[in-house]
A.B. asks: 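Please see the structure below; I have some questions.
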Amino acid sequence: MKKTLLTAVVSAAVVFGYGLQAATAATLDDVKKKGYLQCGVSQGLPGFSSTDDKGNWSGIDVAFCRAVASAIFNDPQKVKFTPLSAKERFTALQSGDIDLLARNTTWTMSRDTQLGLNFSVVNYFDGQGFMVRKDMNISSAKQLSGASVCVNTGTTTELNLADYFRSNNMDYELVAFEKSDEVVKAYDAGRCDVYTTDKSGLYAQRLKMKDPDNNVILPETISQEPLGPVVRQGDDQWLNIVKWTHYAQLEAELYGVNSKNVDKMKSSDNPKIQRILGQEGDFGTDIGLDKDWAYNIIKDVGNYGEVFAENLGPKTELKIDRGQNALWTNGGLQYGMPIR
Amino acid sequence: MALQDVSRNAGPPKVAFFNDPKIRGWAYQIVLLAIVVYIVVVGLENMFANLRAAHIASGFGFLEDTAGFSVSQALIPYTQGDSTYLDVYLVGLLNTLLVSIIGIVCATILGFIVGVCRLSRNFLVRGVASVYVEVFRNIPLLLHIFIWYFGVLRLLPSPRDSVSLGVFGLLNNRGMFVPRPVFGALSWIPILAFVVGIVASMVLLRRAKAHQMRTGERRPIGKWVAALVLGLPIVAFFIAGLPLSFDLPKLGTFRPTGGTTVLPELISLFLALASYTAAFIAEIVRAGILSVSTGQTEAAYSLGLRPRTTLRLVVIPQALRVIIPPLTSQYLNLTKNSSLAVAIAYPDLVSVFAGTALNQTGQAVEILMMTMLTYLAISLITSAGMNWYNAKMSLAER
């Protein structure tokens, strides 16, 4: 890479922000130097990332960003959030505008291999579903031939939809909007018969409709949507931090460590818990952090089960049950790698 | 002055070549060009280096890949799963051109009417036109689009309770479903007759004009023109045995089937663009007409021309010289503003190509460059056309 100042300025302009502090730079050092984590989240998806009337962010993607901040700074507040549209999200990460993308983003092969990005873990196993108005008396997605479908552009949703209708030999009209708010508004105004997105999204968006109870979610799940945080390719240390943040939260849940009992658990006899909480061995140093990294995550943010219950679970408006996102020991898919 | 005398008599004074303003001028141009080229080359080189370093695939090979998504309005044959990203580009481009062209035509007509009304002596007409201009040009275009889209959408009934427009089809919140003409084998006959009629009436008009220039007499040829343009094709249509039928839209489970769909997105985008731009055009037209001095009108009246003829032959030709250049900018604005389509799901170039295709392929640099160059090309072509028209209308200096 050329080094003159002129070149730097010009090329930054020419390539629309594909800046010079490219992927190989150590993100952890940058983040430490800045003093905060810049995290890309969605513009407003209840349960994943949304703001309340006071501007406070919440949701499981937000909690994930806070967990990473806790692991680095022992302070979950040292995060700045960048709300991104589906279209902007990858460019923002590629260009270095954000350090971490936690924006209910589906892990696909092309995204993982062609964009200069790496997916780290799956913090929510989702699948695409359909929502229709109750008075249409439709009980299966197979009855949707000829329907108008509202969808958010630039998502895997659009392609899954195409695949599903094509493989079932059904015809449809695609109405694709740039912002999810417009999708919901248009569906609500009757422009479309069907609204499709990830099922978690359907539950969340249904709350925004003028008559939520008149809308039903069809039983079919037409795709795998493993949603997870994304980092730039070529910075293995940073990838490790992100991966193990998630695993630490899963392992903590598995061994019953939560934000309330974490201090007591520090004196637990269980060597597995001792390793998680930094009482035995020094796993934090190997990923560039200190040995209390996982303790801080659990103390500040909580384990995976707590985060889920707080943002998506039955006690929230969304009322989503754990399902595929239960721990593997409970028949789900969430499986933490052992910390040892 | 003495100095001037010297230079006049002795030719330009001898100076060292690096002080010669001509050579200096060239040197500056060359240096500037070199800097520009350097910046562009280094910038591009760096961009590709960065893309490689970030492991981002680049190149235009993706254009031949199959696009797996469908598009709600395609003017060329488009099948999801068979068509490529290049087809997506063309579909988007044509949709952009469609809404721009009908927008420009309607904005111009509406703008001229409102502009003339602004100068009307009738208080009510003038008032309505003024309110129109002030309301429409002072509200952001995006809001216009949303108002037309969501406002109108909510008022329209669901497909099951479609409003019937009689022979013109059905109207509901999925759009307007109009009968689609199905051309029979012999339908070229009336079309040919129509073309012949137009050519013949153009010849007739030209000869009538030449006659008027020569003798001052006006030939009443209106009836003949009407007969040629309308009568001839109708007669030919009957002779060819009515080679035209209509595919009528019918109510289905969801959307009506059959016929041609005019998307609500197209209608609302078109209405918003045309009404918004018309407000600006009205002001341009008003300014143009006001720029022609009243002396011209008075002179025409004293020559015995009627008000209508005065407007057509004296005022408007002179006003057009003032109107055309800013009108060009409005046309360019309208075309570029059509990219706001992305907000309401109209499948224009930005929405389907720089939106959906960009996301599916991740080729941001290539796609954005293509899109920018396309808009640039559309704008340059529009300007070239308008400049040609402007040159034609400009004052013929004698």
Side-chain angles (χ1 to χ4, degrees), chain A residues 1-2 4 6-8 10-11 13-16 18-20 22-24 86-87 90-91 94 110-111 113-117 136 143-148 150 153-156 158-159 161-163 165-166 172-179 182-183 185-186 189-194 232-234, chain B residues 38-40 42-57 67-73 80-81 146 149-150 153-154 156-159 172-175 252-255 257 261 263-265 342-345 347 350-352 354-356 358-365 368:
Chain A
M1 248 166 262
K2 321 255 159 153
T4 58
L6 175 75
T7 318
V10 169
S11 56
V14 167
V15 304
F16 323 110
Y18 283 81
L20 284 181
T24 44
K87 201 166 150 181
F90 299 119
T91 315
Q94 286 164 339
S110 61
R111 286 175 175 179
T113 55
Q114 290 172 7
L115 300 181
L117 304 175
M136 293 186 29
Q143 294 166 270
L144 293 177
S145 186
S148 302
C150 275
T153 185
T155 53
T156 46
E158 222 175 336
L159 290 183
L161 175 71
D163 287 351
F165 276 79
R166 192 147 56 116
Y172 70 106
E173 181 196 27
L174 181 80
V175 189
F177 293 84
E178 156 112 85
K179 284 174 122 186
E182 257 81 67
V183 187
K185 247 193 277 175
R191 173 65 183 89
C192 305
D193 306 300
V194 185
R232 278 184 293 277
Q233 193 169 319
Chain B
Y38 174 79
I39 289 173
V40 170
V42 169
L44 285 176
E45 224 174 60
N46 217 320
M47 177 184 84
F48 288 119
N50 270 329
L51 287 177
R52 268 195 307 276
H55 309 285
I56 298 172
F69 52 90
S70 91
V71 178
S72 55
Q73 174 187 301
Q80 167 207 334
F146 280 141
Y149 190 54
F150 288 111
L153 210 56
R154 279 184 197 276
L156 290 172
S158 70
N172 56 46
N173 60 13
R174 301 297 144 76
T253 331
F254 296 106
R255 291 169 289 155
T257 51
T261 314
L263 293 177
E265 289 82 26
V342 73
I344 55 159
V350 171
S351 171
V352 296
T356 309
L358 189 156
N359 271 283
Q360 304 303 349
T361 61
Q363 307 288 333
V365 176
L368 287 179

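Since the model is a prediction, treat every value here as computed from it, not as a measurement.
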A.B. asks: Just how far is it from atom CD of B:Gln363 to atom CG of A:Leu115, taken to the nearest 0.5 Å?
C.D. replies: 8.5 Å
A.B. asks: Hey, could you give me the CZ/CG distance between A:Arg191 and B:Leu263, rounded to the nearest 0.5 Å?
C.D. replies: 6.0 Å
A.B. asks: I'd like to check the ring-ring contact (aromatic ring centres under 6.0 Å, His included) partners of A:Tyr172; sequence neighbours left out, ordered by chain and number.
C.D. replies: A:Phe165
A.B. asks: Examine whether an atom of B:Ser158 lies under 4.5 Å from a heavy atom of chain A, and if so say whether it belongs to the side chain, the backbone or both; otherwise answer neither.
C.D. replies: neither
A.B. asks: State which residues pass side chain to side chain contact (heavy atoms under 4.5 Å, CB included) with A:Ala86; sequence neighbours excluded, sorted by chain then number.
C.D. replies: A:Arg89, A:Arg103, A:Thr155
A.B. asks: With rounding to the nearest 0.5 Å, note down the distance linking CD in A:Glu178 to OG1 in B:Thr356.
C.D. replies: 9.0 Å
A.B. asks: So for B:Ala67, is it side chain, backbone, both, or neither that comes closer than 4.5 Å to the heavy atoms of chain A?
C.D. replies: neither
A.B. asks: Can you tell me which of A:Cys150, A:Ala186, A:Ser110, A:Cys192 forms the most heavy-atom pairs within a distance under 4.5 Å of chain B?
C.D. replies: A:Cys192
A.B. asks: Using a cut-off of under 4.5 Å for heavy-atom pairs, which of A:Leu161, A:Asp163, A:Leu144, A:Thr113 has the most such pairs with chain B?
C.D. replies: A:Leu144
A.B. asks: Heavy-atom distances under 4.5 Å only: say whether A:Lys185 touches chain B with side chain, backbone, both or neither.
C.D. replies: both
A.B. asks: Which pair of non-hydrogen atoms, one from A:Ser148 and one from B:Arg174, has the smallest distance, and what is that distance?
C.D. replies: OG-CD, 3.5 Å
A.B. asks: Heavy-atom distances under 4.5 Å only: say whether B:Phe69 touches chain A with side chain, backbone, both or neither.
C.D. replies: both
A.B. asks: Nearest 0.5 Å, what's the OG1-CD distance between B:Thr261 and A:Glu173?
C.D. replies: 7.0 Å
A.B. asks: Compare every heavy atom of A:Phe177 with every heavy atom of B:Ala343, then report the nearest pair and how far apart it is.
C.D. replies: O-CD2, 3.5 Å
A.B. asks: List the atom of B:Ser72, the atom of A:Leu174, and the distance in Å for their closest heavy-atom pair.
C.D. replies: CB-O, 3.0 Å
A.B. asks: Select, from B:Gly175, B:Gly355, B:Ser351, the one with the greatest count of heavy-atom pairs under 4.5 Å involving chain A.
C.D. replies: B:Gly355
A.B. asks: Less than 4.5 Å to any heavy atom of chain A: does that hold for the side chain of B:Glu265, its backbone, both, or neither?
C.D. replies: side chain
A.B. asks: Could you report the tightest heavy-atom contact between A:Gln114 and B:Thr361, atom names first, then the distance?
C.D. replies: OE1-O, 3.9 Å
